[in-house]
Amino acid sequence: MTIRVRMAPSPTGPIHVGNVHTALFNWLWARREGGQFILRFEDTDQERSKPEWEQVIYDDLKWLGLDWDEGPDIGGPYAPYRQMARLDMYREYANRLLESGHVYKCYCTKEEEDEDRKEFQAQNKPYQYKGRCRNLTPEQQAAFEAEGRQHVLRFNVPRGRMVGFNDLVRGPIEFPTDSIGDFIIMRSNGIPLYNFAVVVDDATMEITHILRGEGHISNTPVQLLIYAALGLQVPNIGHVGHMTNEERGKLSKRKGEAAVHDYREQGYLPEALMNFMAFLGWTPPGGENGEEFLTVEELKAKFDITRVTKAPSIFDKPKLNWMNGMYIRRKTTEEFAELALPFVVASGLTTEEEARANWDWFKAVVKEVQERVVTLAEVPQHIDFFLKDDLAMEDGAAGKFLTEAVKPFFRQVIEGLKTVEWDVPAIEKMIRGHMEALQLKPKESIQPIRVAITGRTASPGLFEIVYLIGRERTIRRMAKYC
RNA sequence: GGCGCUAUCGUCUAGAGGCCUAGGACACCACCCUUUCAAGGUGGACACACGGGUUCGAAUCCCGUUAGCGUCACCA
């Protein structure tokens, strides 16, 4: 039997990295086993779901390299893959539960429930539905109907029992049903609630394994009750530890650390993000000798559910940075230039047309910073002095390096620059010649030139940047200081 | 608060009772390389939350404590 796993986001915003983290495990597992990975939209929250988000989610998922075998966009044998298109199905299953007596019509108003809630709160007890409508007679129901009251469908939770399952990553977990109140499966408007819709969907889509975030552990007993009442086979269920911020809290949307899209904009490479997240809560066998640099293909070949860890993990940005830098350095210059281009254009330093018109030069420029940047978004600030002439001067740099003493040296170099053959070795030879003649140390010669032509004290190799900035512009920039 | 989950270096983790004097990676520190900054190389510091058991022997098994997190919605 092949496995069928799924990812089921809500189209209420851009896709979250936490969502992708568990989706990644599901996807790798499906690919490893030759099973199916299904995409389904859970859009029963009419307030927050917006169809526009669906396209945004597809885009980010594709950017990451994820693909799905069935989904709202491509269809499949278990269509539709959007919950709002499956309402008839939920109603049918809900009716079965009503007929079998597992659920009952509840006519309680919001106000009545709020009062109950306060009552429990006052006694410092966890709120549970009091069961006012649990045993209504047909006459009482008719009376409520006559009043024009709407009803929801509530599950009649059995008392004094245990429900449990064998978690794929955590082992046996049990809950007393007494800790669960009679929950609602159908709203008064006929739209199902999450816990009911997922069960119907996972069962009818024949999902074999559900691997989801640990936040769902407490939903599991509720869903188990529904599976049992419906007489459906329960899939294998497992819960993966969450990814958290440094403070072990939630990844913040506001700080731009939650959405996949944020990382994309910050110049992270999808393969780095995927590789990094794959190692949060999982290690391949033989992890003791430290191979953490795995391509997606390698991950697909090695993923093993039994090696998923239980504890939550901190999304450690410094490690992501390191990994992203590694991936950047592994790109060819051509690839790196293509990846960096949109960021450079967005910074306003050049236009795409201009860069492409001078493509070899542009490539040579970005090549100089390829092993110095951690993200693509850092490229512009490292290469601005190649692309513009009005340079900002780093604080204190001019006073420290562009002194009176350096002027004679500058004048000699400028003269040399006028006639030197324009290649890096010749430029280096000429400048070093003047350094020796005047017996100057690098910090009295190379460093001042660097400051004069870049406006700062740190840059790629001096002779390479002189070559790339060009004869005229280098001379002009140096001439300002002598 | 009830219920539930979790607990090895700062971080991600290896570890399935003796192989552990606890291994690797990121970060950190030092040194090397070097025109600066990176990259690279070498080395270093750093952990089994606590308390009880079980056992000849426990990071590994059991119990408790503590801490963190999740959940108790006509959200998902």
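These figures come from a predicted structure and were not determined experimentally. Heavy-atom basis, side chains included; hydrogens, waters and symmetry copies ignored. Protein chains get the first letters and strands the later ones, always in sequence-line order, with residue 1 at the start of each.
- One finds a salt bridge joining A/R149 and A/E112 here, because a Lys/Arg side-chain nitrogen approaches an Asp/Glu carboxylate oxygen to under 4.0 Å.
- Mapping A/H242 and A/I446 onto RNA chain B via the closest heavy atom, the residue that lands nearer the 5' end is A/I446.
- Distances were taken from every side-chain heavy atom of A/S179 (C-beta onward) to each of B/A76, B/U36, B/C3; the shortest belongs to B/C3.
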Between the protein and nucleotides 37-46 of chain B, list the N/O to N/O atom pairs that are separated by less than 3.5 angstrom.
residue	atom	partner	partner atom	Å
B/C37	O2	A/R372	NH1	2.5
B/C37	N3	A/R372	NH1	2.4
B/A38	O2'	A/E371	O	2.7
B/A38	N1	A/E371	OE2	3.1
B/A38	N3	A/E371	OE2	3.0

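- If you take atom C1' in B/G2 and the same atom in B/C62, they sit 25 Å apart, rounded to whole Å.
- Within 4.0 Å of A/L193, counting heavy atoms only, lie sugar-phosphate atoms of the nucleic acid but no base atom.
- Mapped onto RNA chain B by nearest heavy atom, A/N219 and A/Q128 fall at different nucleotides, with A/Q128 at the one closer to the 5' end.
- The side chain of A/R432 places an N or O atom within less than 4.0 Å of a non-bridging phosphate oxygen (OP1 or OP2) of B/U35.
- Taking the P atoms as reference points, B/G51 lies 13 Å from B/A59, given to the whole Å.
- Side-chain proximity of A/D45 to the nucleotides B/C75, B/U71, B/A14 is greatest for B/C75.
- Contact annotation: A/R154 does not reach the phosphate of B/A73 (side-chain N/O to OP1 or OP2, under 4.0 Å).
- In this structure, CE of A/M243 is placed 11 Å from P of B/U13, rounded to the nearest angstrom.
- Residue A/F276 is out of contact with every strand shown, counting any heavy-atom pair closer than 4.0 Å.
- In this structure, B/G4 forms a base pair with B/C69, meeting either the Watson-Crick or the G-U wobble geometry with both donor-acceptor distances under 3.5 Å.
- Using atom P as the reference point in both B/A38 and B/C48, the two lie 33 Å apart (nearest Å).
- For the pair A/P9/A/L39, a side-chain contact is recorded, criterion being any heavy-atom separation below 4.5 Å from C-beta on.
- For the pair A/I314 CD1 and B/U13 P, the interatomic distance rounds to 10 Å; values are reported in whole Å.
- At a cut-off of 3.5 angstrom, the base of B/U36 holds no donor-acceptor pair with the side chain of A/R456.
- Here A/D114 pairs with A/R117 in a salt bridge; the nearest charged N to carboxylate O distance falls below 4.0 Å.
- A gap of 15 Å separates the P atoms of B/A14 and B/A25, to the nearest Å.
- The separation of B/G24 from B/A45, taken at their P atoms, amounts to 12 Å, rounded to a whole angstrom.
- Which of B/A14, B/C74, B/A27 sits closest to the side chain of A/P318 comes down to B/A27.
- Taking side-chain N and O atoms only, A/R248 has a distance below 4.0 Å to OP1 or OP2 of B/U11.
- Distance noted for atom C1' between B/C5 and B/U42: 43 Å (whole Å).
- Residue A/I191 is out of contact with every strand shown, counting any heavy-atom pair closer than 4.0 Å.
- The interatomic distance linking A/H382 (NE2) with B/U36 (C1') rounds to 12 Å, in whole Å.
- Using a cutoff of 4.0 Å between basic side-chain nitrogens and carboxylate oxygens, A/R82 and A/E54 are scored as salt-bridged.
- You'll find the side chain of A/R477 reaches within 4.5 Å of the side chain of A/I469, heavy atoms only.
- Atom NZ of A/K253 has 12 or fewer neighbouring heavy atoms from other residues, nucleotides or ligands inside a 6.0 Å radius.
- Taking atom P in both B/A16 and B/C75, the straight-line distance is 48 Å, to the nearest Å.
- Here B/C12 is the nucleotide among B/C12, B/C74, B/A76 with the atom lying nearest to any side-chain atom of A/S313.
- Within 4.0 Å (heavy atoms only), A/K125 reaches no atom of the nucleic acid at all.
- Checking B/U6, B/U35, B/C74 against the side-chain heavy atoms of A/A311 singles out B/U6 as nearest.
- Proximity note for A/P126 (side chain, C-beta onward) versus B/G4, B/A76, B/G2: the nearest is B/G2.
- Nearest nucleotide to the A/R117 side chain, out of B/A73, B/C75, B/U11: B/A73.
- Partner assigned to B/C74 is none, using Watson-Crick or G-U wobble distances below 3.5 angstrom.
- The side chain of A/R170 places no N or O atom within less than 4.0 Å of a non-bridging phosphate oxygen (OP1 or OP2) of B/G4.
- Base pairing analysis places B/U35 opposite nothing; no Watson-Crick or G-U wobble pair with both distances below 3.5 Å involves it.
- When both pairing distances are held under 3.5 Å, B/G43 makes a Watson-Crick or G-U pair with B/C29.
- The phosphate of B/C74 (OP1 or OP2) has no side-chain N or O of A/R149 nearer than 4.0 angstrom.
- Distance from the side chain of A/V152 is smallest for B/C74 among the nucleotides B/C5, B/U36, B/C74.
- One can find a donor-acceptor pair under 3.5 Å joining the base of B/A25 and the side-chain atoms of A/K319.
- Residues A/E42 and A/R40 are paired through a salt bridge, judged by an N-O separation under 4.0 Å between the basic side chain and the carboxylate.
- Distance CG (A/N245) to C1' (B/C69): 12 Å, rounded to an integer number of Å.
- Comparing B/C61 with B/U55, their C1' atoms are spaced 10 Å from each other, to the whole Å.
- Across all strands shown, the partner of B/G64 is B/C50, judged by Watson-Crick or G-U wobble contacts whose two distances both fall under 3.5 Å.
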Without placing hydrogens or testing angles, list every side-chain donor-acceptor pair under 3.5 Å for residues 377-384 of chain A, not counting sequence neighbours.
residue	atom	partner	partner atom	Å
A/E378	OE1	A/V374	N	2.9
A/H382	ND1	A/E378	O	3.0
A/D384	OD1	A/R456	NH2	2.7

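- Checking B/A25, B/U35, B/C74 against the side-chain heavy atoms of A/E292 singles out B/A25 as nearest.
- For the pair A/K400 NZ and B/U36 P, the interatomic distance rounds to 12 Å; values are reported in whole Å.
- Comparing B/C5, B/C12, B/A14 against the side chain of A/T309 picks out B/A14 as the nearest.
- Between the side chain of A/D316 and the base of B/A27, no donor-acceptor pair under 3.5 Å is found.
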- Message: Walk me through whether A/R159 and A/D182 qualify under salt bridge (charged side-chain N to carboxylate O under 4.0 Å, His left out).
- Response: CA-CA 10 Å; A/R159 312 324 312 181; A/D182 283 4; 3.6 Å; yes

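- Between the base of B/C74 and the side chain of A/S188 there is a donor-acceptor pair shorter than 3.5 Å.
- Checking B/C56 for Watson-Crick or G-U wobble geometry (two distances, each under 3.5 Å) identifies B/G18 as its partner.
- OP1 or OP2 of B/A76 has at least one side-chain nitrogen or oxygen of A/T44 nearer than 4.0 Å.
- Cation-pi check for A/R6 over A/F37 is not met; the charged atom does not lie both under 6.0 angstrom from the ring centroid and within 45 degrees of its normal.
- At a threshold of 4.0 angstrom between heavy atoms, the contacts of A/E174 are confined to the sugar-phosphate backbone, with no base atom among them.
- Side-chain contact check for A/N219 and A/Y194: no donor-acceptor pair (N or O, by modelled atom type) lies under 3.5 Å.
- Side-chain contact between A/L136 and A/Q141: present, with at least one pair of heavy atoms (C-beta onward) separated by less than 4.5 Å.
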